Novice: 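Below you will find the structure I want to go over with you.
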Amino acid sequence: MKNIHQALVKFNLHSSIKVSSPIALSALQSSYPSSAGSFRPELIEPVFKPMLDFLRQTGSYLMVNAYPFFAYESNSDVISLDYALFRENPGVVDSGNGLKYFNLFDAQIDAVFAALSALKYDDVKMVVTETGWPSKGDENEVGASVENAAAYNGNLVRRILTGGGTPLKPQADLTVYLFALFNENEKDGPTSERNYGLFYPDQQKVYDIPFTVEGLKNYKAPSRSPVSGGQQVSAPVRGGVSKSTTGNTWCVANPDAGKEKLQAALDFACGEGGADCRPIQPDATCYSPNTLVAHSSFAFNSYYQKKGRGMGDCYFGGAAFVVTQEPKFGVCEFPTGY
């Protein structure tokens with residue numbers, strides 16, 4: 001980032017072209033309640049402080065990719081679909097500061113604002129570089145449907161064009177980019193990954209939503225529809241993970257670390273690290289799915305929990321990171337303490 005900025009300075013383009021890099025919400029150690037938002041401690045000194053200093057010095061923005069769909073999909077038993085889709089709902093009160101939230105998007109963004117504030121970078125502005133909702137998903141991808149995608153993106157457009165800031169930052173002038181223009185029909189991964197687009201690859205619309213204040217005048221977002229991936233989920237309105245998992249953290253494998261690094265870390269965890277790797281042996285309860293990421297996640301989490309979830313216990317040379325939502329790999333249950 002500094003090298004690119006220096007090149008822009010050389011050609012006197014640094015005032016009109018800003019340099020930044022997006023972060024995912026997985027960069028947060030805690031995101032619920034929003035007021036408790038904080039960055040993962042192992043990333044603060046090597047990553048966030050130098051990056052935020054750079055953004056402050058150059059007048060750039062922190063880029064954030066926020067997907068309420070992931071939070072809803074993982075916690076559909078405790079997060080209301082109406083709350084996730086900007087529909088009318090009773091709201092959720094943040095127990096930390098008393099602010100009331102009526103949608104999950106605002107709550108996620110304010111968690112990042114709180115994390116910035118905790119490090120004394122309140123002055124760094126934010127832009128949401130990605131958000132969206134899939135129009136199709138696998139059987140287990142609860143909430144992925146054309147109706148829900150149209151409701152999320154359509155209501156998001158209304159929220160941004162008419163809504164102002166967030167409960168924590170009412171004066172914040174949010175800029176938001178929808179992901180994505182087209183369905184990526186050749187992308188790997190679950191079905192949802194290929195179905196975030198507003199258009200099919202043949203340029204036909206997946207659904208209609210407005211993009212202007214004028215277009216909003218006669219627009220009505222799709223009403224409720226059954227949740228795909230199973231039966232309709234009836235859930236209370238809450239702003240985050242279930243009470244049973246609130247405050248808990250787990251350690252999972254970083255799929256971007258590469259096979260060699262993951263295998264080396266898995267060997268350490270199951271060997272001298274002392275992790276309980278019996279459940280991931282053939283025919284055991286957590287052997288399926290038989291993938292390196294799934295087995296590594298179980299082993300890393302066992303090590304992390306046995307060590308008391310201390311800072312640095314979920315690193316493995318960059319092959320793992322902490323999450324605040326219970327991992328799901330088949331029917332395997334990840335322990336939270338020994």
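Computed from a predicted structure; not experimentally measured.
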Novice: Where is the tightest heavy-atom contact between Leu161 and Val213, given as atom of each residue plus distance?
Specialist: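 For Leu161 and Val213, the tightest heavy-atom pair comes out as CD1-N, 3.7 Å.
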Novice: Please tell me if the side chains of Arg40 and Val47 come closer than 4.5 Å, counting only heavy atoms from C-beta onward.
Specialist: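 Arg40 does not reach Val47 side chain to side chain.
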Novice: Tabulate below the donor-acceptor pairs under 3.5 Å that side-chain atoms of residues 199-207 make, not counting sequence neighbours, or state none.
Specialist:
unit_1, atom_1, unit_2, atom_2, d
Asp202, OD1, Gln204, N, 3.0
Lys205, NZ, Asp208, OD1, 2.6
Tyr207, OH, Asn153, ND2, 2.8

Novice: Quick check on the hydrophobic clustering: are Tyr152 and Leu216 connected, directly or via other members, by side-chain heavy-atom contacts under 4.5 Å?
Specialist: yes
Novice: Say whether Val176 and Ile23 are linked into one hydrophobic cluster, either directly or through other cluster members, by side-chain heavy-atom distances under 4.5 angstrom.
Specialist: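 Yes.
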Novice: Using the rule given for side chain to side chain contact (heavy atoms under 4.5 Å, CB included), can you reason through Asn155 versus Arg87, listing the C-alpha separation, both sets of side-chain angles and the distance that settles it, and then say yes or no?
Specialist: CA-CA 8 Å; Asn155 287 332; Arg87 292 185 182 136; 4.2 Å; yes
Novice: How long is the gap from SG on Cys332 to CD1 on Ile280, to the nearest 0.5 Å?
Specialist: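 That separation rounds to 8.5 Å.
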Novice: Would one find more than 12 heavy atoms of other residues, nucleotides or ligands at under 6.0 Å from atom CD of Gln281?
Specialist: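 Yes, because the 6.0 Å sphere around CD of Gln281 holds more than 12 heavy atoms from other groups.
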Novice: Check whether the side chains of Asp138 and Thr191 place a donor and an acceptor atom closer than 3.5 Å, and report yes or no.
Specialist: yes
Novice: Check whether more than 12 heavy atoms from other residues, nucleotides or ligands sit under 6.0 Å from atom CG of Asn218, and answer yes or no.
Specialist: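 No - once you tally the heavy atoms of other residues, nucleotides and ligands closer than 6.0 Å, there are 12 at most.
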Novice: After noting the C-alpha distance and the side-chain angles of Phe54 and His5, does the key distance pass the side chain to side chain contact (heavy atoms under 4.5 Å, CB included) rule?
Specialist: CA-CA 10 Å; Phe54 171 83; His5 178 71; 3.7 Å; yes
Novice: Determine, using the 4.5 Å side-chain heavy-atom cutoff (strictly less than), whether Val146 and Trp133 are members of one ILVMFWY cluster.
Specialist: yes
Novice: What's the separation between atom OG in Ser288 and atom NE2 in His295, rounded to the nearest 0.5 Å?
Specialist: 7.5 Å
Novice: Do Asn148 and Tyr72 touch side chain to side chain, with heavy atoms closer than 4.5 Å?
Specialist: no
Novice: Working to the nearest 0.5 Å, report the span between CG of Asn75 and OG of Ser80.
Specialist: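 Output value for this atom pair is 13.0 Å.
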Novice: If I take atom NZ from residue Lys120 and atom CZ from residue Arg56, how far apart are they, to the nearest 0.5 angstrom?
Specialist: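 So the NZ of Lys120 and the CZ of Arg56 are separated by 11.0 Å.
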Novice: Do the side chains of Val293 and Tyr287 join up, straight or via other hydrophobic residues, at under 4.5 Å, putting them in one cluster?
Specialist: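 They do not share one cluster, since no chain of ILVMFWY contacts under 4.5 Å joins Val293 to Tyr287.
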Novice: Spell out, as yes or no, whether a donor-acceptor pair under 3.5 Å connects the side chain of Lys261 to the backbone of Gly317.
Specialist: yes
Novice: What pair of heavy atoms forms the shortest contact from Arg194 to Asp188, and how long is it?
Specialist: NH1-C, 3.8 Å
Novice: With no hydrogens and no angle check, just 3.5 Å: does a side-chain donor-acceptor pair link Asp94 and Ser35?
Specialist: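 Short answer, yes.
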Novice: How close do Phe48 and Ala27 get, counting heavy atoms only, and between which atoms?
Specialist: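 Nearest pair, atom of Phe48 first, then Ala27: CZ-CB, 3.7 Å.
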Novice: With a sphere of 6.0 Å drawn around NZ of Lys187, does it hold more than 12 non-hydrogen atoms of other residues, nucleotides or ligands?
Specialist: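 Yes - once you tally the heavy atoms of other residues, nucleotides and ligands closer than 6.0 Å, there are more than 12.
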Novice: Can you see which heavy atom on Ser20 is nearest to which on Ser60, and at what distance?
Specialist: CB-OG, 3.8 Å
Novice: Distance check, rounded to the nearest 0.5 Å: Gln29 atom CD versus Phe321 atom CZ?
Specialist: 12.0 Å
Novice: Taking all heavy atoms of Ala150 and all of Tyr219, pick out the closest pair and write down the distance.
Specialist: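 Of all heavy-atom pairs spanning Ala150 and Tyr219, the closest is O-OH, 3.3 Å.
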Novice: Within the 3.5 Å criterion, strictly below it, is a donor on Tyr61 or Thr129 matched to an acceptor on the partner's side chain?
Specialist: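 Not at all, the side chains of Tyr61 and Thr129 share no donor-acceptor pair under 3.5 Å.
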Novice: Counting neighbours of CZ on Phe329 that are heavy atoms of other residues, nucleotides or ligands and sit closer than 6.0 Å, is the number greater than 12?
Specialist: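 Buried by this count: over 12 neighbours within 6.0 Å.
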Novice: Could you tell me whether a side-chain N or O of Asp276 sits under 3.5 Å from a main-chain N or O of Arg278, the two making a donor and an acceptor?
Specialist: yes
Novice: Knowing that exactly one of Asp110, Asp106, Thr166, Asn89 qualifies, which makes a side-chain hydrogen bond (donor to acceptor under 3.5 Å, both in side chains) with Tyr101?
Specialist: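 Only one option passes, and that is Asp110.
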Novice: Do the side chains of Phe298 and Pro335 get nearer than 4.5 Å, heavy atoms only?
Specialist: yes
Novice: Test side chain to side chain contact (heavy atoms under 4.5 Å, CB included) on Gln108 and Leu28; report intermediate values, then the result.
Specialist: CA-CA 10 Å; Gln108 290 186 335; Leu28 296 182; over 6 Å; no
Novice: Determine yes or no for a side-chain-to-main-chain donor-acceptor pair under 3.5 angstrom, with Gln305 supplying the side chain and Thr249 the backbone.
Specialist: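 A pair under 3.5 Å: yes.
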Novice: Quick one: are Ile44 and Lys49 in side-chain contact, heavy atoms under 4.5 Å?
Specialist: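 In short, these two side chains touch, coming nearer than 4.5 Å.
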Novice: Are the side chain of Ser117 and the backbone N or O of Phe113 linked by a donor-acceptor pair below 3.5 Å?
Specialist: no
Novice: Is it possible for you to say whether Met51 and Met63 belong to one hydrophobic cluster, with membership spreading through side-chain heavy-atom contacts below 4.5 Å?
Specialist: no
Novice: First locate atom OH of Tyr83, then atom CZ of Phe105, and finally report the distance between them rounded to the nearest 0.5 Å.
Specialist: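 Rounded to the nearest 0.5 Å, the OH-CZ separation comes to 12.0 Å.
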Novice: Counting N and O atoms only, with roles assigned by atom type, does the side chain of Asn97 sit under 3.5 Å from a partner on the main chain of Leu99, one being a donor and the other an acceptor?
Specialist: yes
Novice: Not counting sequence neighbours, list each pair that qualifies as a ring pair (Phe, Tyr, Trp, His ring centres under 6.0 Å) and has a residue in residues 158-179.
Specialist: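 Applying ring pair (Phe, Tyr, Trp, His ring centres under 6.0 Å) to every pair that reaches into residues 158-179, excluding sequence neighbours, yields Phe179-Tyr196.
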Novice: Could you tell me whether the side chain of Tyr304 reaches within less than 4.5 Å of the side chain of Val322, counting heavy atoms only?
Specialist: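 Touching, per the 4.5 Å side-chain cut-off.
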Novice: Identify every side-chain donor-acceptor pair in residues 9-19 under 3.5 Å, counting partners at least two apart or on other chains, and give the distances.
Specialist:
unit_1, atom_1, unit_2, atom_2, d
Ser16, OG, Leu13, O, 3.3
Lys18, NZ, His14, O, 3.4
Lys18, NZ, Thr58, O, 2.8

Novice: Carefully, step by step, assess Phe316 and Phe300 under the rule ring pair (Phe, Tyr, Trp, His ring centres under 6.0 Å).
Specialist: CA-CA 8 Å; Phe316 296 98; Phe300 295 168; 4.3 Å; yes
Novice: Is a side-chain N or O of Ser30 found less than 3.5 angstrom from the main chain of Ser38, in a donor-acceptor match?
Specialist: no
Novice: Are any of the side-chain heavy atoms of Thr131 and Pro68 separated by less than 4.5 Å?
Specialist: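 Of all side-chain heavy-atom pairs linking Pro68 with Thr131, at least one is under 4.5 Å.
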Novice: Are the side chains of Leu62 and Tyr121 in touch, meaning some heavy atoms are under 4.5 Å apart?
Specialist: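 Contact flag for Leu62/Tyr121 side chains = no.
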Novice: Begin from the C-alpha positions of Phe334 and Lys328 and carry the test side chain to side chain contact (heavy atoms under 4.5 Å, CB included) through to its verdict.
Specialist: CA-CA 8 Å; Phe334 279 55; Lys328 291 185 178 180; over 6 Å; no
Novice: Output yes when a side-chain donor or acceptor of Lys100 lies under 3.5 Å from a complementary backbone atom of Pro90, and no otherwise.
Specialist: yes
Novice: With a 4.5 Å limit on heavy-atom distance, are the side chains of Glu130 and Pro22 in contact?
Specialist: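 Result no, sub-4.5 Å side-chain heavy-atom pair not found.
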Novice: So which atom in Cys251 and which in Asn301 form the shortest heavy-atom distance, rounded to 0.1 Å?
Specialist: N-OD1, 3.1 Å
